[in-house]
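Taking it in order: structure first as structure tokens, then the write-up.
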Amino acid sequence: WADGLHSLRFAAELPAFIPGQFARIGLDVDGERIARPYSLVSAAGDAIAEIYFNQVQDGPLSPRLASLRPGDELWVNKRVSGFLTLDEVPDARHLWLLATGTGVGPFVAILRQPQTLERFERVVLVHSVGTAAELGYRQTIEQLCQAHPGQLHYLPTVTREAVPGTLPRRIPHTLADGTLEQAAGVQLGPADSHAMLCGSNVMISDTTEVLKQRGMQRHLRRAPGHFTLEKYH
């Protein structure tokens, strides 16, 4: 997609998984198996699995994953995990998907499931990146929007360069001043909304503060709330 930003597709006998979950992917390096969790971008039931990841410079695994070629082999754990799924989301009219960087991956998987658009009146996907080249899966998302006009809204955010048709500031800033909701045409609040956050620690921490100021609380199984999250780094 861009320098150091990759998708990897592979055939594997994965167990049944729920969109939003992740699998541990690994390679044998110098006699040691190195594995890391990666969210699945593919829809449940797809014959080919897919992950979306950043290449970490001098990292033990991601540069090797990025260099794989057709026919190469990798290891996939037989279990999938994770709670960033719609099964964990309480009923709401509007679903907000707030992502930075490769955090958009699990949301793409969620949007690829027809049940998502059947369940919510409005779905808003916000994807914040530094440059336009980092807007991975943009064409796929825009095609889904065309198939669900007025119901699925895509708000790309690019913070390091001026790009027509995108928002220019970080998610917590546009949420705090109302710009994000104005662009989406729908309000985000505890009465009728649930937000799912995935991406950098900074975005999640700052956005969480804005949501709490609106009377929204993190959703837990033991205490139903208004937003769920998964931190990538």
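In this chain, numbering begins with 1 at the start of the sequence shown. Everything quoted here is computed from the prediction, not taken from an experiment.
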Kindly indicate, with the supporting measurements, whether the criterion side chain to side chain contact (heavy atoms under 4.5 Å, CB included) is fulfilled by Thr100 and Leu197. CA-CA 9 Å; Thr100 56; Leu197 288 63; over 6 Å; no

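- Between the side chains of Gln55 and His6, at least one donor N or O sits under 3.5 Å from an acceptor N or O.
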Could you go through Leu211 and Leu188, starting from their C-alpha distance and side-chain angles, then the distance that decides it, and tell me whether this counts as side chain to side chain contact (heavy atoms under 4.5 Å, CB included)? CA-CA 9 Å; Leu211 295 177; Leu188 171 57; 3.8 Å; yes

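- In this structure, the side chains of Glu142 and Arg138 come closer than 4.5 Å at one or more pairs of heavy atoms.
- Sparse packing is recorded around CD of Gln57, with 12 or fewer heavy atoms of other residues, nucleotides or ligands lying under 6.0 Å away.
- Summarising the local packing, CD of Gln115 is surrounded by more than 12 heavy atoms from other residues, nucleotides or ligands at distances under 6.0 Å.
- A pairwise comparison of heavy atoms in Pro172 and Thr207 identifies CD-OG1, 3.6 Å as the closest pair.
- In summary, of the residues considered (Ser62, Ser7, Ser39), a side-chain contact (heavy atoms from CB on, under 4.5 Å) with Phe53 occurs for Ser62 alone.
- The two residues Gln21 and Val80 make their nearest non-hydrogen contact at OE1-CG2, 3.5 Å.
- Across all their heavy atoms, Thr228 and Leu84 have their closest contact at OG1-CD1, 4.1 Å.
- Summarising the geometry of Ile204 relative to Glu230, their closest heavy-atom pair is CD1-O, 3.3 Å, with the distance given to 0.1 Å.
- Checked by atom type and distance alone, the side chain of Arg119 pairs as donor or acceptor with a backbone atom of Leu86 at under 3.5 Å.
- Atom CD of Glu134 sits about 6.5 Å away from atom CZ of Arg160, to the nearest 0.5 Å.
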Steps toward side chain to side chain contact (heavy atoms under 4.5 Å, CB included) verdict (Met196, Leu229): CA-CA 6 Å; Met196 303 178 76; Leu229 55 86; over 6 Å; no

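- Taking all atoms of both residues into account, the shortest heavy-atom contact from Gly225 to Pro90 is O-CG, 3.6 Å.
- With Val163 as the partner, the side-chain contact (heavy atoms from CB on, under 4.5 Å) test is satisfied by one option alone out of Val158, Thr131, Leu135, Val129: Val158.
- Just one residue in the list Arg122, His153, Glu181 forms a side-chain contact (heavy atoms from CB on, under 4.5 Å) with Trp96, and that residue is Glu181.
- No hydrogens or angles considered: nothing links the side chains of Gln143 and Thr140 as a donor-acceptor pair under 3.5 Å.
- Summarising the local packing, CZ of Arg214 is surrounded by more than 12 heavy atoms from other residues, nucleotides or ligands at distances under 6.0 Å.
- When the shell of 6.0 Å around CH2 of Trp1 is examined, it contains more than 12 heavy atoms from other residues, nucleotides or ligands.
- Residues Asp46 and Arg112 are not paired through a salt bridge, judged by the lack of any N-O separation under 4.0 Å between the basic side chain and the carboxylate.
- Linking Ile, Leu, Val, Met, Phe, Trp and Tyr whenever their side-chain heavy atoms come within less than 4.5 Å puts Val76 and Val29 in one cluster.
- A donor-acceptor distance shorter than 3.5 angstrom exists from the side chain of His127 to the backbone of Gly101, with no hydrogens or angles considered.
- Cluster membership check: Leu152 shares its hydrophobic cluster with Phe107, using side-chain heavy-atom separations under 4.5 Å among Ile, Leu, Val, Met, Phe, Trp and Tyr.
- Hydrophobic clustering (side-chain heavy atoms under 4.5 Å, transitive across Ile, Leu, Val, Met, Phe, Trp, Tyr) keeps Ile51 apart from Ile18.
- Between Arg218 and Glu209 there is no salt bridge, since no side-chain N of the basic residue sits under 4.0 Å from a carboxylate O of the acidic one.
- A 4.5 Å side-chain heavy-atom check between Leu27 and Leu61 finds at least one atom pair inside the cut-off.
- Leu95 CG to Gln151 CD: the interatomic distance, rounded to the nearest 0.5 Å, is 10.5 Å.
- The aromatic ring centroids of Phe22 and Tyr38 lie 6.0 Å or more from each other.
- Of all heavy-atom pairs between Ala23 and Leu14, the closest is CB-CD2, 4.5 Å.
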